[in-house]
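In listed order, ligands and their atoms are each counted from 1. For clarity, every value in this text was computed on a predicted model and none was experimentally measured. Quick note: numbers below take in every heavy atom, side chains included, and nothing from hydrogens, waters or symmetry partners.
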Amino acid sequence: MSTYVIGDIHGCFDQFVDLLNKINYKKNEDKIILVGDLVNRGPDSLSVLNYCMADSNIITVLGNHDLYLLYLLSIDKARGSLKEVVEADNKKQIFKWLLKMPLMMEIDDELSGNSFLISHAGIPEIWSPKKTKELASEVTSLLQKNPLKVLQSMWGDNPNKWHDELIDDERYRIIINYLTRMRFVDKNCALDLRNNTVTAAAGYKPWFKYCSKTHEKKKQYYVFGHWAALKGQTDDPHFIGLDTGCVWKGKLSALRLNDLERISVDF
Ligand SMILES: [Mn+2]
């Protein structure tokens with residue numbers, strides 16, 4: 001049995017199928033974890049969703065575009081490349097399926113002793129894996145209990161940094177922003193959510209440049225998507241970026257957790 005993590009698909013269904021063929025994905029045996037952003041921008045978001053929903057060995061952590069789709073479904077508004085999904089006969093099933101998905105996962109590979117922290121954008125260094133899991137679950141519970149409240153008030157860039165006393169909208173908005181939209185942060189872990197390039201503004205660095213080196217001893221790996229401009233390059237083998245820009249005519253990439261092998265297909 002192999003476990004694979006796959007980068008941002010963004011509706012590129014043909015490349016997703018190509019990649020599953022290339023890794024020789026065995027249904028009912030292998031496991032697939034997607035880093036989120038299954039949908040939007042690309043040509044066939046609905047087929048990606050239908051394929052994944054039909055296979056219980058495929059799961060995802062939620063990305064910002066998946067949350068956007070949940071929002072559109074919650075207000076029944078068809079927009080852009082998500083029109084077909086919002087108008088689909090099985091839109092209720094899609095809503096329910098996505099709502100079940102976590103914002104962060106930790107996977108231990110027993111054979112290698114490696115552990116993998118998986119989220120769409122990354123994990124800020126101010127949160128331990130345990131704390132991240134707790135905060136992510138807090139948002140997931142709230143999303144399931146009162147989806148409209150979360151989906152309609154999660155928008156915005158403020159507050160721009162975490163503190164433990166945050167409550168209500170501000171609390172889950174910043175948790176969602178760290179886990180699904182983060183790229184650059186400053187030394188106080190304040191987010192710069194406007195910059196999607198690879199060039200930091202003064203005082204900012206990529207989030208993974210702040211994380212301590214203890215992960216090397218612990219064989220801990222951070223696996224994320226979201227930042228297509230990085231083209232998978234972090235210059236640190238413990239931070240594995242899997243958004244290789246398929247929808248921008250780049251590549252769709254997979255990581256096999258058992259041996260850290262990367263496999264890609266071209267757009
Ligand atoms: Mn994203």
Protein N, O or S atoms lying under 2.8 Å from the Mn ion (ligand 1), listed by chain and number: D37 OD2, N64 OD1, H120 NE2, H226 ND1
Qualifying residues under ring-ring contact (aromatic ring centres under 6.0 Å, His included), relative to W207, sequence neighbours excluded: F224, F239
Pairing of K130 and E134 as salt bridge, 4.0 angstrom limit: yes
Cluster companions of V247 among Ile, Leu, Val, Met, Phe, Trp, Tyr (side-chain spacing under 4.5 Å): W248
Pair N57, Y25: side-chain N/O donor-acceptor within cut-off below 3.5 Å: no
S115 side, atom OG; K219 side, atom NZ - distance, nearest 0.5 Å: 10.5 Å
side-chain hydrogen bond (donor to acceptor under 3.5 Å, both in side chains) pairs, two or more places apart, involving residues 149-162: K149-D168, K149-D169, S153-Y172, D157-R181, D157-R194, W162-D164
